[in-house]
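Beneath this line is the structure, given in structure tokens, with notes to follow.
Chain letters run A, B, ... following the sequence lines, proteins first and then strands; every chain starts at 1.
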Amino acid sequence: MKFSEFNFHRDIAKGVKIAGFKEPSPIQKMAIPIIEEGKDLVGQAHTGTGKTAAFGLPMMDKLARGEIERALVITPTRELATQVSDELYHLGRFAGIRTLTVYGGVGYGRQIALIHKGVQIVVATPGRLKDLYRKGKIDVFNPEIVVLDEADEMLDMGFLEEIKEIFEYIPQNRQTLLFSATMPEPIKELANHILYNPEFISVIGEEDTTNNVIDQRYYVINENQRDEAIVKLLETEDTNKCIIFCRMKREVDRLTEHLQALGFNTAGLHGDLEQQDREVIIKAYRRGETKVMVATDVAARGIDVKDVTHVFNYHIPFDPQSYVHRIGRTGRAGKSGQAITLVTTEEFRELQRIQKEVGAQMRLATIRGGEGLDAANLEYLADQIRALPVHKDAQKVIDYMGDMDKMLMLEKLVSVLLDQEEQTTGSQIGFDQKRVDEMLESFESEQKVTRNNNRRKKRR
DNA sequence: AAAAAAT
């Protein structure tokens, strides 16, 4: 199937052609005819499926034909609003579609003036939009199509009340489209409330980014080894662009400075920065002028940057859902990606919760050349081994190895065991004695180095 | 408790 079969207005078709679009994606094939028909729609889809064009093209087609005069798109974050707005501008520029982005952190005057001047598409975040409607500043903006983008994210971020209020200001006589990656109960309820007799489409599963293309690893470290581990990983991994996620803004600032001091091409991003600065930083990152972005969860959702090879979780996120969104910044557009999480033994339960709750497939790994960094806690590793079906044999090995210096050895054993456990489903696992002997041998040679390193650290 | 989003 080709885009020409949709019979878009010639100026819209030109935008599609210049953008280099050839074959419509699954969601575009399904959504475009429904939207053209004027029906309400619930679309279940992740970012990166071609969602923006799926609603943007039929919407702008109707604008170009003069069938409608105004459309509204609501997105959860400012960055996403900018991104959607840019894409719509590029697709619709030959039809002269006037698009405006509306969000907080910038002046009111320009936004209000442009709306009164007659923009056709407003892409907005909930807070400022609600503010403008409530103050009666944009009574004139009565959209005939309304798109709720990433509705579940808005729910997660607590915008549901804002959304409901916004819909009180919008005429009932409209076409409403709701997109969401997941369909929790409150979203279904919202859909019932604001949509009329909608069609449902879903493209979940066709591009399951959580498990297929993203290789997910975790490293066990001590709390004070996070910086050291990140630096080592940046040095040893084959990275192009990468994102390091922290939990707190001041952590972002500190780590950014630290990495910059070490000569990494790094920028920090969080919500306390001026909106203008945020955009400059993202643009530079998009262009590849900065390679390492250190960020809070402000960058976890929706942002679509090409060629992000690695996502690092400096800390595991507070919210398990956030893990999925974070790692979804890599492995986009059919490319593979690496998701690496640093975790202390204290956080291990939380990591398991994430694995369970979102079905993430992570494996334990070791940092190349990072002796003394990985699996620095013997107790944790011993527990891991004890939890395995081979428990009895494992205990023998632990006893045999005895002291703390052998943690590297243990860690390797755990890796092997976990691998084995994966491969042999259901059956009892025994130690591969030959493999153990091999590892013991190689360990003997590494032991001295490790011991010396540990001693040096203790003295400090 | 964090961060996001209105100020």
Quick note, ring pair (Phe, Tyr, Trp, His ring centres under 6.0 Å) partners involving residues 97-135 of chain A, not counting sequence neighbours, are A/Y133-A/Y169

Contact state string [nucleotides 1-7 of chain B, B base, S sugar-phosphate only, - no protein heavy atom under 4.0 Å]
BBSBBBS

I'd like to know if A/R254 and A/E257 make a salt bridge, using a cut-off of under 4.0 Å between side-chain N and carboxylate O.
no

With A/K241, the side chain to side chain contact (heavy atoms under 4.5 Å, CB included) member among A/T309, A/T330, A/V305
A/V305

Electrostatic pair A/E289:A/K283 at N-O distance under 4.0 angstrom:
no

Residues forming a ring pair (Phe, Tyr, Trp, His ring centres under 6.0 Å) with A/Y323, sequence neighbours excluded:
none

